[in-house]
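First comes the structure, then the notes that go with it.
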Amino acid sequence: MNGTLNVHRVFKGSRTRRGYLAALGLKHERQESLRDARDRIRKTLREEMPDWNSLAKAQRLVEYRHVVLASQLPRLSPKFRMQGSSVYDTLNFPAHLPPQEVDFDDGVFLPTSFVNESGSNRPVVASRGYFAMVEEILGPLCADRGWELDRGKSSCVRVRIDADAHVDLALYAIPDEDFTELEEARAMAQMAKGQVASELDFELADEIYTALLEKRIMLAHRDSGWIESDPREIENWFLDAIADHGKAVRRVCRYLKGWRDFQWMKGGPSSITLMACVVAVYDELNGTLPENRDDLALQAVAGRLEALFSRAIPNPVLPDQQLDEDWSAEKRSDYRARARGLKTTIDTALNRTYHKTVAIAKLREGFGVRIPDDELLIDIESEERKVRAYAPAVVAAPFVPRTTSG
């Protein structure tokens, strides 16, 4: 049975009526305040960082064993690239403020010299020195703007804008020779088109970002030093899933994140874990989910979520790592129970009532009051509507599991 009620528009909305998806979005004022904070941070780092070449001579920025290279250190001129849910377009406004916060992720990419150590390329810049430099530069800005500089995150610099939002800065190093070569090629291509490159262009250009070699992007970590971490891998994996299965993948991820935020005041399964589960279900049911029924797609995911939470969840771009490796038995049991509750919630709304009021009340139990109390968004299902929900049948190509190339 595909459903007694059709609540697709309760989730996705319509041209004239707001659905759950619209309620999950950030208000324009919040978006603007975060972009303004990001731009002020970028401008400050860009303007202040070149003056820190003296740190190399003080053996604070450059690894001690490479201090002889300090005089050759290139001009410190970072580029920036947005990351995380802002890039995937899965950024939601939290359900509980506080303690939940809007997480705005930005990447700082510093072109610098690399050296070969034990067969691996490593930046001459010290990872801890990188953190110290960025935090000292941003300290006065934070004091002036009333922001809080949080030094407690091991893999980023966190700037708390207010009680509801923060900007996380992941600090990367890329080889200056690779960057310079790619930047010069881009400038020549622009000149050929009659365009002029701007010195004030803070963003790491697409042509350069996508062309950087694998294993040549290093992330600064407070405790572990430099680690290989390529932010393009998750981004490409998710965009490939959307290309394979359609934009509903993104929407279902946002619905699940909204469910997570309502169910847990703090914690809950990570966003990347939920995304991996959604993509896994779409891969499993390849081509069989309707294109215009987000409610049925969400029902399919919810129906498999408890089983997915019961076993190891591989990292989609690092198969030797697991997204659930830090789950305790108690936490896993809690996640499974709430996944089971989600299945019941959606099954009840779709299959176990003819009353629109009951369906809305049930959905609000699982997702909160951001589910619109609007019966006009619900349709009574019919056999004809069920058939029309699916795309015309075609001969499907053999399913090949998604892999990531080396």
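This is a predicted model, so every value here is computed, not measured. Quick note: residue numbers are just sequence positions, from 1.
- Residues in residues 25-38 take part in these side-chain hydrogen bond (donor to acceptor under 3.5 Å, both in side chains) pairs, two or more places apart or across chains: Arg30-Ser33, Arg30-Asp162, Glu32-Arg35, Asp36-Arg40.
- The side-chain hydrogen bond (donor to acceptor under 3.5 Å, both in side chains) analysis of residues 82-101, with sequence neighbours excluded, yields the pairs Gln83-Tyr172, Asn92-Arg254, Glu101-Arg160, Glu101-His166.
- Residues passing the side chain to side chain donor-acceptor pair (under 3.5 Å) test with Ser310 are Arg336, sequence neighbours excluded.
- Scanning for side chain to side chain donor-acceptor pair (under 3.5 Å) contacts around Thr348 gives an empty result, with sequence neighbours left out.
- Looking at Arg250, its side chain never comes within 3.5 Å of a backbone N or O of Ile242 through a donor-acceptor pair.
- Ring-plane geometry between Trp327 and Phe309 is classed as perpendicular, the angle between the planes exceeding 60 degrees on a 0 to 90 degree scale with a lower cut at 30.
- A donor-acceptor pair under 3.5 Å is formed between the side chain of Arg81 and the backbone N or O of Leu204.
- For the side-chain contact (heavy atoms from CB on, under 4.5 Å) test with Tyr255, the passing option among Val301, Leu274, Asp295, Leu21 is Leu21; the others fail.
- Although no hydrogens or angles enter the test, the distance criterion places a donor-acceptor pair under 3.5 Å between the side chain of Arg364 and the main chain of Ile371.
- Comment: Asp334 engages Arg338 in a salt bridge, judged by a side-chain N to carboxylate O separation of less than 4.0 angstrom.
- Checked by atom type and distance alone, the side chain of Asp168 never pairs as donor or acceptor with a backbone atom of Cys156 at under 3.5 Å.
- Contact check on Arg332 versus Asp324 returns a salt bridge, with a Lys/Arg side-chain nitrogen under 4.0 Å from an Asp/Glu carboxylate oxygen.
- Side-chain contact between Pro231 and Phe109 is present, with at least one heavy-atom pair separated by less than 4.5 Å.
- With Trp259 as reference, Leu305 is the one residue of Thr345, Leu305, Leu298 to meet the side-chain contact (heavy atoms from CB on, under 4.5 Å) rule.
- For Arg232 and Trp237, the positive end is not near the middle of the six-membered ring at less than 6.0 Å and at most 45° from its axis.
- Remark: Ile227 pairs with Leu219, His221, Ser224 by the side chain to side chain contact (heavy atoms under 4.5 Å, CB included) rule, at least two apart or across chains.
- Within the model, atoms CZ of Phe202 and CD1 of Ile41 stand 12.5 Å from one another, a figure rounded to the nearest 0.5 Å.
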Donor-acceptor pairs are to be reported for all side-chain atoms of residues 139-149 against protein atoms at under 3.5 Å, with residues two or more places apart or in another chain.
none

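- By the 4.0 Å N-to-carboxylate-O rule, Glu306 lies too far from Lys343 to be salt-bridged with it.
- A salt bridge between Glu228 and Arg216 is absent, with no side-chain N of the basic residue lying under 4.0 Å from a carboxylate O of the acidic one.
- With respect to Asp379 and Arg9, a salt bridge is recorded, a charged nitrogen being found less than 4.0 Å from a carboxylate O.
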